[in-house]
Amino acid sequence: MAILDVNKLSISFGGLHAVDGFTVSIEKGELYGLIGPNGAGKTTVFNLLTGVYKPTEGIVRLDGQDITGKNTIEINRAGIARTFQNIRLFKDMPVLDNVKTGFHNRYRYSTLTGILRLPRMHQVENTLNERSMEILKVFGLDKEADVLAGNLPYGKQRKLEIARALATEPKLLLLDEPAAGMNPNETSELMDTIRFVRDHFDMTILLIEHDMKLVSGICEKLSVLNFGRLLAQGETAEVLSNPEVIAAYLGQ
Amino acid sequence: MNTDIVKKIKNRRLRSKLITYLIVIVFYVVVQILINTGNLSSLLTGLLVPICVYVIAAVSLNLVVGISGELSLGHAGFMCVGAYTSAFLSNVVGSALPETLRFILAILTGAVFAGLFGLLIGIPVLRLKGDYLAIVTLAFGEIIKNLMNVVYVGIDSKGLHVSTTSAMDLHLEPTGKQIIKGALGISGTPKNSNFTIGVILILLTLFIVQNLIDSRSGRAVMAARDNRIAAESIGIPVTKFKLLAFAVSAALAGVAGVLYSHNLATLNTKKFDYNTSILVLVFVVLGGIGNIRGSMIAAVILTALPEMLRFLSNYRMLIYAIVLIVMMLFNWAPAAREWRERVLSRLPFGRRKAVGKEEV
């Protein structure tokens, strides 16, 4: 069964159909790409999936559960985590705490337990530190655990955002232009990391990307959006050789 | 190794907390020595409890302004609630309970009522952001003050009587006792506050605030401050945690109010106007937004300064203003910060604050 099942998802702002009838089905463990020209509605799809916007039409099912119209917090708890096109880290907090905050709903203790420093708090904090360092290690950030997130170099900030999203233990991970602003070396390193995340965490990943090397390199399936509508969908190689896609997005 | 860096972070935070407690304790010991050797003027001795009041107020406001990142200008309002409810309780209970127990009860009452007010006001107010939030909190602070100004409460054998017009309208029995007398406030509150209790309450406030910051809830509050959208995207109920910080801060401001009201024979609302809110905010900004220790030190210096400058008579406020500006520059001007870090790193025992490392 599909992890994510989206049926005829639409939203209009005034008269503008930003997303019109977006339909997709993503299987567990798939690496799925969402591409299209600027302004095609890719990030709007992400915002619809994560509850930032409420769809005017359509249904979103995550692992069989209807999550249409739920708010961001509920949707994250249901199992969708994301990163942002313009990086959004907790920049005045250390790298380690950024990831620990990601575990907010997974490892709990009450405010009072925290203030009174009860044994349970130490127990949970130890687990949190351990698990967070594990994730940081995957991204090669473990040595910088005590650096403020805002002071990390750009590429590492992107990685930390993915690490934080993974800490919420999602079923589906949405990456919004993970390679934006990266040089070719960093991009190929990122491709390895994304593949590793998929295999290691048994994750399903949907990503928006403009870097065609990354898209053709790691995505197994693609959807192409143009003016809010689906232009093409299917296996990566097939989609990228589609004449309509070439005309609208890739160019000759 | 992995665990080393975690241990390093843990130890650094623990050390930072202990240093804060230590500063308070050393301050207490030094003042006690000065008092016992007769080296503290009676004016300054009289300022000791107000200093404690302002330190608690500043530390608690820093929880909202620095940690939660919301500008609140109504802090005096919560102090007012704490002061009035606790003074009311102490007057009603009178000598029915032993003094210590009554004062502990008064502190709890002040904290609980101020916290409840914080919660009540926070629910509508925290929907706003930035300047709007500041203006509305300012208004709520004034509303609380003006409300207290017109309330008359008395007690007799039939129970409590409340009026908002005049003392006559309470219709008390001849044996009844009028407790809150409108603009005249509350008089005859037992003088339970002293410097030692003030310092204990400061330590308690620091314990609550510092431990809250360094916990799951504290991280959620700071995450919501740094990036609201990202915090929601990882499932943190932002409003709930902003409200938590606001209510805890209000409750602690209430404790400051309790300390204040039990230090005076007569309590009225004059002291709880927006000037006090701004003053407390000045302590927070001057000491460093989010820097608990700094707001504490700023509160002590700026409360004691006008008295210590008394010998300058007319130039007193001028010097006060200059000190304010110099402190602000010293704390915040980039050149001054660089210079400070250079000097600190040269000291053998100095904190080597590598650029970009966490500052607690």
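Just so it is clear, the model here is predicted, and its values are computed rather than measured. Letters A, B, ... are given to chains in the order of the sequence lines, protein chains preceding strands, and every chain is numbered from 1.
Interface residue A:L128: only side-chain heavy atoms are found under 4.5 Å from chain B. Contacts of A:F103 with chain B are absent, with no heavy-atom separation under 4.5 Å from either backbone or side chain. Looking at A:T168, the atoms closer than 4.5 Å to chain B (heavy atoms on both sides) all sit in the side chain, from C-beta outward. Proximity to chain B (any heavy atom under 4.5 Å) is shown, for A:Y109, by both the backbone and the side chain. Only the side chain of B:L244 comes within contact range of chain A, judged by heavy atoms closer than 4.5 Å. Residue contact with chain B, scored on non-hydrogen atoms closer than 4.5 Å, involves the side chain of A:L96 exclusively.
Crowding of B:Y21 atom OH: a count of heavy atoms from other residues, nucleotides or ligands under 6.0 Å exceeding 12. In A:N86, the CG atom is crowded: over 12 heavy atoms of neighbouring residues, nucleotides or ligands sit closer than 6.0 Å. Few gaps surround CZ on B:F241; more than 12 heavy atoms of other groups in view lie less than 6.0 Å from it. Enclosure of atom CD1 in B:I229 is not indicated, since only 12 or fewer non-hydrogen atoms of other residues, nucleotides or ligands lie within 6.0 angstrom. Counting heavy atoms of neighbouring residues, nucleotides and ligands inside a 6.0 Å radius, atom CZ of A:R108 exceeds 12 of them.
Atoms CD1 and NE2, from B:I236 and A:H104 in turn, are 5.0 Å apart once rounded to the nearest 0.5 Å.
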query: Hey, mind stepping through B:R216 and A:V124 against side-chain contact (heavy atoms from CB on, under 4.5 Å) and telling me if it holds?
result: CA-CA 10 Å; B:R216 172 178 174 267; A:V124 176; over 6 Å; no

Stepwise salt bridge (charged side-chain N to carboxylate O under 4.0 Å, His left out) test for B:R13 and A:D97:
CA-CA 13 Å; B:R13 286 188 183 159; A:D97 281 21; 3.0 Å; yes

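Here the closest heavy-atom approach between residue B:D226 and residue A:K91 is recorded as OD2-N, 3.3 Å. Between B:A230 and A:F90, the shortest heavy-atom contact is CB-CE2, 3.8 Å. Considering all non-hydrogen atoms of both residues, A:M121 and B:D214 come closest at CE-O, 4.0 Å. The shortest non-hydrogen separation linking A:T101 to B:I234 is O-CD1, 3.6 Å. Taking every heavy atom of both residues into account, B:K10 and A:N129 meet most closely at CE-ND2, 3.9 Å. Across B:G235 and A:I73, no two heavy atoms sit closer than the pair O-CG2, 3.6 Å.
Look at A:E125 and B:R219 and you find a salt bridge, because one of the NZ, NE, NH1 or NH2 atoms lies within 4.0 Å of a carboxylate O, short of that distance.
Most heavy-atom pairs under 4.5 Å with chain A: of the set B:S217, B:A220, B:S233, B:A224, this distinction falls to B:S233. Each of A:E74, A:K100, A:R77 has some count of heavy-atom pairs under 4.5 Å with chain B, and the biggest count is that of A:K100.
Evaluated for a side-chain contact (heavy atoms from CB on, under 4.5 Å) with B:E232, the options A:N71, A:V52, A:N76, A:T72 yield exactly one hit, A:T72.
Identified by a heavy-atom distance below 4.5 Å to chain A, the contributing residues of residues 201-212 of chain B are B:F207, B:I208, B:N211, B:L212, in residue-number order.
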